[in-house]
Protein chains: 2
Amino acid sequence: MNDDAMNLRARNKQATREAISRAALHLAIEQGPNGLALVRVNDIATAAGVSPRTYNNYFSSREEAICAFQADQSRRAGQALCSRPADEPLSEAVIEAMVELYTNPEPDKTGLRMIMSTPELEGEALKAFTMAEGPLAEAIAARTGTDLRHDPHSAVMAAAVAGAVRVAGRYWLGPGSTESFATVLRRTLSCVFPSAPPD
Amino acid sequence: MNDDAMNLRARNKQATREAISRAALHLAIEQGPNGLALVRVNDIATAAGVSPRTYNNYFSSREEAICAFQADQSRRAGQALCSRPADEPLSEAVIEAMVELYTNPEPDKTGLRMIMSTPELEGEALKAFTMAEGPLAEAIAARTGTDLRHDPHSAVMAAAVAGAVRVAGRYWLGPGSTESFATVLRRTLSCVFPSAPPD
DNA sequence: CCGCAACTTGCGCGCCACGCACCTGATGCG
DNA sequence: CGCATCAGGTGCGTGGCGCGCAAGTTGCGG
């Protein structure tokens, strides 16, 4: 039947997760960066149409719920790099993979600005971005044919890439940014690869 | 009088902070990576010889208390780089500054391993390490004479350096590490500076 | 020697994570 | 097609915790 790569069951689960996360972010934006404490778990659950008890079957903190999207995105970092053509130079592959991953869809500037200007949320987002490092390091190691366990190069590069993405976010959210996120991302990422061609 | 660079009052404050943090880490180690929930705030406060209420005048979560040392250390990252001789090449200055900062004193392997193998603590430690990026970026920008606000190079490099430190920690804590932390640190940091001399 | 300001502490409130038990609806099988 | 099974949603109860408030205490400067 309708096993669209997923049981109906799992589908609903994913939908619920998204609903809760969506509601959480929305409410957080309403309250502003200094009103995080006013976003009650009860409100989130109600807005998402589930029981408060169900809410923390999915998340164990407001921050986690609000940043769930970033977390999900980071989980795909490894796969994003792996799906680049194998004959592409490493630097180009990484840059294009990250641009593809983090601009699809174009990030919600309002939501991101809210997150990055709220210390507690910033911490959670940091965790989320860092989740990308492991898979990224593996993918890089696979591409360069090095051994992840004995050669720190891939791990360091993965960390640097993740860092560059975060820095790009900060610049893009800053006051004087008329450029697209993709542009900023390419610029910061090219700092990581000193031998990278200017384009 | 006895203004040893600090009022007696501020000295006690610092001592209390350290006592609480110390007690927290000690108790956490006792309970192991899976028993973080069993480390009650009450126990920490008692062990530190203060009231539970006082405890969260200093910290607002167990995790924050346990990782306070890492946080304090990261705050000094900028200063560490600034205090390197001005005629030193950037890469060497950064490497030596970080080695100096993170091996003085030699890190507590047991405590660190505990922290890095406990998800919630790992997140907090991540926040702590990331606190170093801002000051580091400023110091790097100052050294290279670039404008931090319009040129992302220093920010990206700072993030990469912080990442390299974290990666070094992971490798050093891993099973087959007979080397000193300084050695591992130098190796990962030199990955960040491709033009860095082998020694 | 005195008053101020900083710090600690006890009290109390509201929120929240989580275990437990029950219910509902999806799933898979004969 | 109907039944046994089970994953997931929900209500309830409990213990812990963050934090505001209002004293009490102690170092510091005049």
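First the proteins, then the strands, lettered A, B, ... as listed; each starts at 1.
Atoms CD1 (B:I20) and P (C:dT8) sit 8 Å apart, rounded to a whole Å. What separates CZ of A:R11 from C1' of D:dA7 is a distance of 17 Å, to the nearest Å. The CG-C1' distance, from B:N42 to D:dG16, rounds to 10 Å in whole Å. Taking atom CG on A:L38 and atom C1' on C:dG14, their separation rounds to 13 Å, with Å as the unit. Protein atom CD of B:E64 is 12 Å distant from nucleotide atom C1' of D:dG18, rounded to whole Å. Protein atom NZ of B:K13 is 14 Å distant from nucleotide atom P of D:dC28, rounded to whole Å. Remark: P of D:dG18 and CG of A:L36 are 15 Å apart, rounded to the nearest angstrom. In this structure, B:Q14 atom CD and D:dG27 atom P are separated by 18 Å, rounded to whole Å.
Listed pair A:R62 / C:dC16 meets the phosphate criterion, a side-chain N or O lying under 4.0 Å from OP1 or OP2. Between A:Y55 and C:dC16 there is no side-chain polar atom (N or O) within less than 4.0 angstrom of OP1 or OP2. Between B:S61 and the phosphate of D:dG18, there is no side-chain N or O to OP1/OP2 separation shorter than 4.0 Å. OP1 and OP2 of D:dG8 both lie 4.0 Å or more from every side-chain N or O belonging to A:T54.
With D:dT10, C:dA6, C:dT8 as the candidates, the nucleotide lying closest to the side chain of B:Y58 is C:dT8. For A:R40, the listed nucleotide lying nearest its side chain is C:dC15; candidates were C:dT8, C:dC15, D:dT26. Closest approach to the B:N57 side chain among D:dG18, C:dG25, C:dT8 is made by C:dT8 (side chain taken as heavy atoms from C-beta onward). For A:V41, the side-chain atoms get nearest to C:dA17 when compared with the rest of D:dA7, C:dT9, C:dA17.
There is a side-chain donor-acceptor pair under 3.5 Å between A:E64 and A:S60.
Judged purely by atom type and a 3.5 angstrom limit, A:W172 uses its side chain to pair as donor or acceptor with the backbone of A:E179.
When each of B:A37 and B:N12 is assigned the nucleotide of DNA chain D bearing its nearest heavy atom, the one mapping closer to the 5' terminus is B:A37.
A donor N or O paired with an acceptor N or O is found under 3.5 Å between the base of D:dG11 and the side-chain atoms of A:R53.
Of all heavy-atom pairs between A:A47 and A:A23, the closest is CB-CB, 3.9 Å.
Cluster annotation: B:L112 and B:L25 are assigned to the same hydrophobic cluster (Ile/Leu/Val/Met/Phe/Trp/Tyr, side-chain heavy-atom contacts under 4.5 Å, transitive).
Of the charged side-chain nitrogens involved, none lies within less than 4.0 Å of a carboxylate oxygen, so that B:E63 and B:K127 do not count as a salt-bridged pair.
The residue B:F59 sits apart from the nucleic acid: no heavy atom pair falls under 4.0 Å.
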